[in-house]
**Q** 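Structure below; questions to follow.
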There are 4 protein chains.
Amino acid sequence: MASPNKREDILSAALILFSERGYDGTTIPMIAERANVGAGTIYRYFENKEYMVNILFQECLLDFSESMKKVDLTATMNLKEKFYLLFNQMITFAKAKPEQLNFFDTHCTGYYLDDKSKKLLGEYLDFLTSFIEEGKKSGVIQDLPSDALISIIYGAFSHLFKLIHAGLIEESPHLLESLVDCCWNAIKIH
Amino acid sequence: MASPNKREDILSAALILFSERGYDGTTIPMIAERANVGAGTIYRYFENKEYMVNILFQECLLDFSESMKKVDLTATMNLKEKFYLLFNQMITFAKAKPEQLNFFDTHCTGYYLDDKSKKLLGEYLDFLTSFIEEGKKSGVIQDLPSDALISIIYGAFSHLFKLIHAGLIEESPHLLESLVDCCWNAIKIH
Amino acid sequence: MASPNKREDILSAALILFSERGYDGTTIPMIAERANVGAGTIYRYFENKEYMVNILFQECLLDFSESMKKVDLTATMNLKEKFYLLFNQMITFAKAKPEQLNFFDTHCTGYYLDDKSKKLLGEYLDFLTSFIEEGKKSGVIQDLPSDALISIIYGAFSHLFKLIHAGLIEESPHLLESLVDCCWNAIKIH
Amino acid sequence: MASPNKREDILSAALILFSERGYDGTTIPMIAERANVGAGTIYRYFENKEYMVNILFQECLLDFSESMKKVDLTATMNLKEKFYLLFNQMITFAKAKPEQLNFFDTHCTGYYLDDKSKKLLGEYLDFLTSFIEEGKKSGVIQDLPSDALISIIYGAFSHLFKLIHAGLIEESPHLLESLVDCCWNAIKIH
DNA sequence: GATGAATGAGCATTCATTCAT
DNA sequence: AATGAATGAATGCTCATTCAT
């Protein structure tokens with residue numbers, strides 16, 4: 001009857017509520033109710049609400065970045081091939097865990113993020129940056145600041161998935177295939 | 001000494017605070033202090049906090065959409081020319097009123113938005129949609145759902161400006177010119 | 001209808017409740033109810049509960065020590081005369097403000113007292129000490145540590161008044177006159 | 001490894017914590033941690049927190065009063081000799097079990113004391129009273145209410161030991177011998 | 001019109017107590 | 001017998017809102 005893993009129940013509930021209503025718009029009683037635990041139980045697992053968002057943020061980010069780093073980029077591939085593999089991995093993640101993406105997106109600039117969360121975010125961006133730098137060096141990606149290029153691609157990607165997740169846009173294989181093309185066309189040298 | 005237009009002072013203060021801390025993370029006393037008015041004064045101008053976000057949202061959106069609709073698109077222009085004009089207008093708006101863009105972006109899916117706000121948002125999207133539809137008909141824009149195309153372009157644009165506004169990316173004329181190209185390349189037929 | 005001095009109402013209520021139930025046994029709602037104010041109102045006057053006890057403690061102690069320092073000790077008096085004047089002043093205070101004495105007595109070793117409260121307490125004890133020292137030098141008071149002598153006298157005095165205040169012992173002019181004698185006999189050289 | 005007597009461990013921990021922080025300032029988890037038992041274990045030995053203070057209070061008081069009643073007062077002694085024996089027994093107890101004295105002192109007026117605790121306290125006071133009455137009859141102790149005289153002596157004694165226990169006054173054989181004299185002088189007929 | 005003192009509902013958090021293991 | 005995870009009532013405190021000035 002009792003769930004064997006209350007910690008996960010709480011994090012799942014928090015993930016969805018934070019995504020829907022934001023950090024300050026979500027109350028501990030809301031999380032407790034959705035997780036089917038008493039309000040006090042939450043404090044057995046998380047020191048306080050702020051620690052909780054940060055842990056959730058870090059777990060989401062690690063999950064996402066590990067998924068990305070898992071992509072097998074062999075040396076013989078050209079950059080476009082690598083880009084497509086990475087981007088498709090991002091799509092795979094977004095389809096599998098839309099709430100995580102949404103949560104990450106809406107909380108990555110929160111005033112409540114602690115140093116560890118910010119550091120982790122920085123590290124992940126560095127990984128993406130180094131990929132883009134490689135493309136610029138080999139002359140296939142436009143010569144714009146790497147963070148700007150990442151921002152453009154990630155913005156397009158995440159905004160689209162936010163609307164898909166909200167049910168405002170219908171997902172289709174064709175759309176997702178085209179999305180990769182769109183993003184590649186946005187940054188490649190013509 | 002006293003500001004002649006307290007209503008505007010309040011809205012300006014709210015705009016910035018809502019952008020930085022979100023709706024629920026912003027308190028009426030915070031707004032009152034930043035606007036240099038008493039907390040009670042806010043209730044002379046706005047029925048309550050929820051009405052206030054909605055009015056602010058609607059004013060921002062109207063301001064934005066009027067700015068877009070003001071662009072003079074003469075019949076002789078081709079679609080790319082129109083796109084560039086519209087997009088550059090969006091950039092002009094973003095540079096002039098970065099807080100408004102940021103506020104709009106972070107609040108357009110808020111659970112507290114009322115019907116009027118949602119209706120206005122829909123109308124604005126329709127305007128953009130009809131533009132994209134035109135491009136698809138004339139065979140210069142890819143055959144993807146219009147709202148998806150808008151989402152891609154708007155996502156790229158707004159995410160970049162969010163980072164510029166946060167001081168994480170440096171704005172430059174070259175970057176902004178290239179941004180239009182990127183977005184056009186993302187959706188045009190190659 | 002509304003009391004003109006809510007701060008005093010709150011402090012009075014807190015004084016009595018803290019005396020009766022201790023710091024931790026007294027809740028903010030209890031204080032609010034007794035003071036006839038809303039619970040939130042208390043926080044307009046006191047940063048938090050801990051600040052409140054400390055302010056109350058300091059005000060009580062200042063009131064008490066000012067009352068003692070007000071006693072006119074002319075140079076021509078001998079030490080016994082001075083002792084009787086001071087002790088009677090203490091009794092006067094105890095009769096006028098029994099709750100203050102009781103509160104002071106039960107809270108002067110509280111773990112929640114801040115540095116300012118402790119400093120004030122130290123200064124007051126120094127005043128008493130210097131009086132006792134004078135008596136020891138002039139050979140009329142026993143040669144024991146001054147703080148021990150103070151403790152003996154104050155202990156006898158405060159314990160008796162605690163029971164009087166609790167209604168367990170009946171106060172009478174004769175008792176109070178005798179109390180001074182008892183205390184003087186306890187410390188004088190025979 | 002496990003203590004053979006958890007009940008005593010719990011009472012010892014509670015005694016010290018209640019003395020230092022008061023009844024309401026002490027939590028069950030605090031007691032459990034200090035006693036090296038699980039929080040739930042406490043409820044095997046004590047129905048609830050309130051029963052626990054009362055049992056502790058009663059055990060302390062019985063311990064104290066038995067120690068006092070154990071003093072061998074032979075019929076041939078005069079009252080002063082008896083007083084000195086009794087008082088020195090009190091000092092012996094205070095030196096051996098300072099926490100018990102301190103706990104007793106700070107909790108004997110607690111709102112949470114039940115009828116049994118109050119009855120026991122009354123009985124103990126009656127014992128002391130009858131001793132004082134004897135002295136008054138034989139004309140060596142002043143004619144003041146017995147409970148007042150007890151209060152004066154006990155107040156002086158307990159206050160001094162509170163400060164000794166707190167480390168604010170240094171204990172010395174001379175001080176303790178003098179203390180008896182002080183207290184006797186306070187109440188005897190001169 | 002403007003204020004900010006006052007309020008109490010509601011928040012994050014703690015803690016006495018229970019109970020499955 | 002002993003534990004500590006789980007609970008929810010109750011705490012200290014905040015804040016949207018009201019209203020007397």
Side-chain angles (χ1 to χ4, degrees), chain A residues 1-4 6-7 10 24-33 35-52, chain B residues 2-4 6-7 10 23-33 35-52, chain C residues 1-4 6-7 10 23-33 35-52, chain D residues 2-4 6-7 10 24-33 35-52:
Chain A
M1 184 151 290
S3 167
K6 289 188 188 289
R7 201 190 113 102
I10 293 165
D24 290 293
T26 302
T27 70
I28 295 289
M30 281 177 191
I31 297 172
E33 195 189 349
N36 276 115
V37 296
T41 303
I42 290 176
Y43 290 86
R44 290 202 78 68
Y45 295 96
F46 304 97
E47 212 159 322
N48 58 43
K49 194 184 169 189
E50 200 165 327
Y51 274 57
M52 197 174 87
Chain B
S3 167
K6 290 188 186 290
R7 202 189 112 101
I10 294 165
Y23 173 66
D24 289 294
T26 301
T27 69
I28 295 289
M30 281 178 191
I31 298 171
E33 195 190 347
N36 278 116
V37 298
T41 305
I42 289 177
Y43 288 84
R44 289 218 147 269
Y45 295 97
F46 305 97
E47 210 159 324
N48 57 42
K49 194 183 170 189
E50 201 164 326
Y51 274 57
M52 197 175 84
Chain C
M1 183 150 289
S3 167
K6 289 187 187 290
R7 201 190 113 102
I10 293 166
Y23 173 67
D24 289 295
T26 302
T27 69
I28 295 289
M30 281 177 191
I31 297 172
E33 195 188 349
N36 276 115
V37 298
T41 304
I42 289 177
Y43 291 85
R44 291 201 80 65
Y45 294 96
F46 304 97
E47 212 160 321
N48 57 44
K49 195 184 168 188
E50 201 165 326
Y51 274 57
M52 197 174 86
Chain D
S3 168
K6 289 186 187 291
R7 202 190 112 101
I10 293 166
D24 289 293
T26 302
T27 69
I28 295 288
M30 281 177 191
I31 297 172
E33 195 190 349
N36 278 115
V37 297
T41 305
I42 290 178
Y43 288 84
R44 289 217 149 267
Y45 296 95
F46 304 97
E47 209 159 324
N48 58 42
K49 194 184 170 188
E50 199 165 328
Y51 274 57
M52 197 174 84

**Q** As a test of reading the structure: which of F/dT3, F/dT18, F/dG12 is closest to the side chain of D/Val37, going by heavy atoms?
**A**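 For D/Val37, the side-chain atoms sit closest to F/dT3.
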**Q** Can you tell me the distance, in whole Å, between the CG atom of A/Asn48 and the P atom of E/dC11?
**A**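 Rounded to the whole Å, the gap is 17 Å.
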**Q** Distance check needed: E/dT14 C1' versus D/Lys49 NZ, whole Å only.
**A**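 In whole Å, E/dT14 C1' lies 12 Å from D/Lys49 NZ.
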**Q** Would you kindly give the CZ-to-C1' distance between B/Arg7 and E/dG1, to the nearest whole Å?
**A**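 Value for this atom pair: 16 Å.
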**Q** Can you work out whether B/Arg44 or B/Thr27 has the more 5'-proximal nearest nucleotide on DNA chain F?
**A**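 Its nucleotide being nearer the 5' end, the pick is B/Thr27.
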**Q** Would a 4.5 Å heavy-atom cut-off, applied to side chains only, mark C/Tyr23 and C/Glu50 as touching?
**A**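 Of all side-chain heavy-atom pairs linking C/Glu50 with C/Tyr23, at least one is under 4.5 Å.
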**Q** Tell me the stems DNA chain F sits in, counting at least three consecutive Watson-Crick or G-U wobble pairs, each under 3.5 Å on both distances.
**A**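 Result, WC/G-U stems under 3.5 Å: E:2-21 with F:2-21.
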**Q** Do you know the tightest heavy-atom contact between B/Ile31 and B/Ile10?
**A**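 Scanning both residues, the minimum pair turns out to be CG2-O, 3.9 Å.
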**Q** On a heavy-atom basis, which atom in A/Asp24 and which in A/Lys49 lie closest, and how many Å separate them?
**A**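 Answer, listing the atom of A/Asp24 first, then A/Lys49: CA-NZ, 4.2 Å.
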**Q** Using a heavy-atom cut-off of 4.0 Å across all strands, would you classify C/Ile28 as base, sugar-phosphate, or nothing?
**A**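 Sugar-phosphate only.
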**Q** How long is the gap from OG1 on C/Thr41 to CG on C/Asn36, to the nearest 0.5 Å?
**A**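 Rounded to the nearest 0.5 Å, the OG1-CG separation comes to 11.0 Å.
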**Q** If each of B/Gly40 and D/Met30 is mapped to the nucleotide of DNA chain E with the nearest heavy atom, which maps nearer the 5' terminus, i.e. the 5' end?
**A**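 Looking at the nearest nucleotide for each, B/Gly40 comes out on the 5' side.
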**Q** Can you check the B/Met52 CE to F/dC15 C1' distance for me, whole Å?
**A**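 Atom CE in B/Met52 sits about 14 Å away from atom C1' in F/dC15.
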**Q** Assign each of B/Gly38 and D/Pro29 to its nearest nucleotide of DNA chain E by heavy atoms, then name whichever residue's nucleotide is nearer the 5' end.
**A**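 Nearest nucleotide further toward 5': that of B/Gly38.
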**Q** Within this structure, what is the OH-to-P distance between C/Tyr43 and E/dT7, rounded to whole angstrom?
**A**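 For the pair C/Tyr43 OH and E/dT7 P, the rounded distance is 15 Å.
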**Q** Just the rounded figure in Å: distance from C1' of E/dT17 to CD of D/Glu50.
**A**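 It is 14 Å, rounded to the nearest whole Å.
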**Q** To check you understand the geometry: which heavy-atom pair defines the closest contact between B/Glu47 and B/Tyr51, and what is its length?
**A**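 So the two residues come closest at OE1-CE2, 3.2 Å.
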**Q** Would you tell me if any nitrogen or oxygen in the side chain of B/Tyr45 comes within less than 4.0 Å of OP1 or OP2 on E/dA2?
**A**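 Yes, B/Tyr45 has a side-chain N/O under 4.0 Å of OP1/OP2 on E/dA2.
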**Q** Below 4.0 angstrom from OP1 or OP2 of F/dT3, is there any side-chain N or O of D/Thr41?
**A**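 D/Thr41 to F/dT3 OP1/OP2: side-chain N or O found under 4.0 Å.
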**Q** Please give, in whole Å, the distance from F/dT11 P to C/Glu33 CD?
**A**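 C/Glu33 atom CD is separated from F/dT11 atom P by 12 Å.
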**Q** On a heavy-atom basis, which atom in C/Tyr43 and which in C/Ile28 lie closest, and how many Å separate them?
**A**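 Closest pair (atom of C/Tyr43, atom of C/Ile28, distance): OH-CG1, 3.6 Å.
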**Q** Roughly, in whole Å, what's the span from CG in D/Asn36 to P in F/dG4?
**A**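 Result: 11 Å.
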**Q** Start at the 5' end of DNA chain F and walk down; is the nucleotide closest to C/Asp24 or to A/Ile42 reached first?
**A**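 Residue closer to the 5' terminus by nearest nucleotide: A/Ile42.
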